[in-house]
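Quick note on labels: first sequence line is chain A, next is B, and so on, each numbered from 1.
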Protein chains: 2
Amino acid sequence: MIDSYKTVGENTYEMIKKDIIFGNLKPLKKLKLNELKNNYKTSISTLREILSRLSGDGFVVYEEQKGFYVSPVSKSDLKEIANLRILIESHALKYSLENSNPDWEGSLLAAHHKLNLYENKLLKNKTEERSNWKRYDSEFHQTLVRNCNSKNLIELHKLIFDKYLRYQLLVLTFRGSGSIEEHKKLLDYSLERNFKKAQMVLEEHIQNGIIHANKSF
Amino acid sequence: MIDSYKTVGENTYEMIKKDIIFGNLKPLKKLKLNELKNNYKTSISTLREILSRLSGDGFVVYEEQKGFYVSPVSKSDLKEIANLRILIESHALKYSLENSNPDWEGSLLAAHHKLNLYENKLLKNKTEERSNWKRYDSEFHQTLVRNCNSKNLIELHKLIFDKYLRYQLLVLTFRGSGSIEEHKKLLDYSLERNFKKAQMVLEEHIQNGIIHANKSF
DNA sequence: AATTACCAAAATATATGATATTTTTAAATA
DNA sequence: TATTTAAAAATATCATATATTTTGGTAATT
């Protein structure tokens, strides 16, 4: 219902973006208009619109007269993204904590609860669906920054986070109990409004993520 | 020659973006496809592509089934943008200084020289062209961050800076000798690789800009 | 064998016209 | 005044057509 209400363009945009994030469209793959037209059942003009948007988001690269292709990935790019994520997410977290209020604290608790249940499930059963884990992880981190009271900052965070997400789904794996503990600390320090400690855990959390990644690249 | 080589879409993209930044297309103005088609002499499909890109850049807002309109401006938005600019530009500056080298120092000196000449001219003659000033100012600040060695960071900075630029051209005016001094200090501390002092000046520089702006909003 | 030149096929860039929907506007009604 | 309704305007999408550019392969040249 919610989904089918959207326009063709919007739906296809989501689909292609998802396919890039989940790796169904591999890095550097040439995105030929005719091919896409057949695969996604939309017109060329709509597709060009979509690809233009995606190139703004950084998931697609566009070259004049040559067309579009899926953005490349690299270890150094991941490092850059991770550093930016630390910068942006920390900054937003700081303001979220300053503006802390019961409503927000409640939503953070809720988001953590769901994430925690899922991570524990993953710990026991490795075959669990990975995309769900990422959904809860995203939700938790996005809740962390949501209270910062700056629309621009939230948007920027989403931009970076999505790029990071792509790497998570391409090369990062669930780190197990380490990640669980970090999330718990992140929650606790946030509820205590202890920015310094929360920030340290966050930075560690993201750094640990990419250390883990180095193996699989 | 260089310009006319580009595609119609690219040229029109630049034109519309410029018209928004310079205020020829006023905030909240509805961007009707047919109207734009007549004014910019391009097809609807090309225009939709362009507007899609611009909405990714944040200069245009898109609403499903309702179309496109020029992004609004507000004092609080300017404040958010300024804060983000401080965050991003400081961070990038830090790394630029760490990676400092003669080449970069040279280009920074050059950029400052041109900016300085122009600002002094402005000080004497208020009627001078304002868009030129902004060009040199942009160039100087972009040179500051260029050496940070992170493509993502540079792109992010450009994104924010352009949004800031729009406000500069819409509501900010030349502050006179204050700005000149700040730029000079920014240059000197950067050449000394004194991040702490350079950062402080930068923050002050941007803050002073928006204090000045409050009057005209 | 490597490089260059050239041609055909593929792909992009752009424009236009057609159709279905949706939104907006303005008029009509209660 | 508020609500409803009908007409007009605008968006969303697609298909098609054309010019230009890029690509890939073959032949010619060094």
Can you sort out which residues in residues 44-55 of chain A have a heavy atom within less than 4.0 Å of DNA chain D? Ascending by number, please. A:Ser45, A:Thr46

Rounded distance in Å - CG (B:Leu36) to C1' (D:dT11): 13 Å

To the nearest Å, how far apart are B:Glu35 CD and D:dT11 C1'? 14 Å

Given C:dT14, is OP1 or OP2 found less than 4.0 Å from the side-chain N or O atoms of B:Ser43? no

Partner residues of A:Lys29 under the salt bridge (charged side-chain N to carboxylate O under 4.0 Å, His left out) criterion, sequence neighbours left out: A:Glu35

What's the NZ-P distance between B:Lys37 and C:dA15, to the nearest Å? 9 Å

Report the distance from atom OH of A:Tyr40 to atom C1' of D:dT13, rounded to the nearest whole Å. 19 Å

Which residues share a ring-ring contact (aromatic ring centres under 6.0 Å, His included) with A:Phe68, sequence neighbours left out: A:Tyr62

Residues in side-chain contact (heavy atoms from CB on, under 4.5 Å) contact with A:Asp19, at least two apart in sequence or another chain: A:Asn24, A:Leu25, A:Tyr40

By salt bridge (charged side-chain N to carboxylate O under 4.0 Å, His left out), which residues pair with B:Glu49, not counting sequence neighbours? A:Arg48

State whether B:Thr7 places a side-chain N or O below 4.0 Å from either non-bridging phosphate oxygen (OP1 or OP2) of C:dT14. yes

Please report, rounded to the nearest Å, how far the P atom of D:dT21 is from the NZ atom of B:Lys6. 16 Å

For the pair B:Tyr95 and B:His91, name the ring-plane relationship: parallel under 30°, tilted 30 to 60°, perpendicular over 60°. perpendicular

Please list, for nucleotides 6-10 of chain D, all pairs of protein and nucleotide N/O atoms separated by less than 3.5 Å.
from   : atom 1 : to      : atom 2 : distance (Å)
D:dA10 : OP1    : B:Lys32 : NZ     : 3.4

Donor-acceptor contacts, no H, no angles, side chain residues 82-89 of chain A, under 3.5 Å, sequence neighbours left out:
from    : atom 1 : to       : atom 2 : distance (Å)
A:Asn83 : ND2    : A:Lys79  : O      : 3.4
A:Arg85 : NE     : A:Glu89  : OE1    : 2.8
A:Arg85 : NH2    : A:Glu89  : OE1    : 3.3
A:Arg85 : NH2    : A:His141 : ND1    : 3.2
A:Glu89 : OE1    : A:His157 : NE2    : 2.8
A:Glu89 : OE2    : A:His141 : ND1    : 2.7

Nearest whole angstrom, please: distance from the P of D:dT21 to the CD of A:Gln65. 6 Å

Partners meeting ring-ring contact (aromatic ring centres under 6.0 Å, His included) with A:Tyr118 (sequence neighbours left out): A:Tyr136

All side-chain hydrogen bond (donor to acceptor under 3.5 Å, both in side chains) counterparts of B:Glu10, not counting sequence neighbours: B:Arg53

Side chains of A:Glu105 and A:Ser100: donor-acceptor distance under 3.5 Å anywhere? yes

Whole angstrom value for the distance that separates P of C:dA15 from CG of B:Asn38: 13 Å

Name all residues meeting the side-chain hydrogen bond (donor to acceptor under 3.5 Å, both in side chains) criterion together with A:Ser76; count only those two or more places apart in sequence or in a different chain, and write none if there are none. A:Ser74

Just the atom pairs and distances: protein N or O near nucleotides 7-9 of chain C's N or O, under 3.5 Å.
none

Phosphate-side-chain proximity, B:Tyr62 and D:dA12, N/O vs OP1/OP2 below 4.0 Å: yes

Which residues pass the salt bridge (charged side-chain N to carboxylate O under 4.0 Å, His left out) test with B:Lys134, not counting sequence neighbours? B:Asp137

B:Phe68 CZ to C:dT23 C1': how many Å, rounded? 15 Å

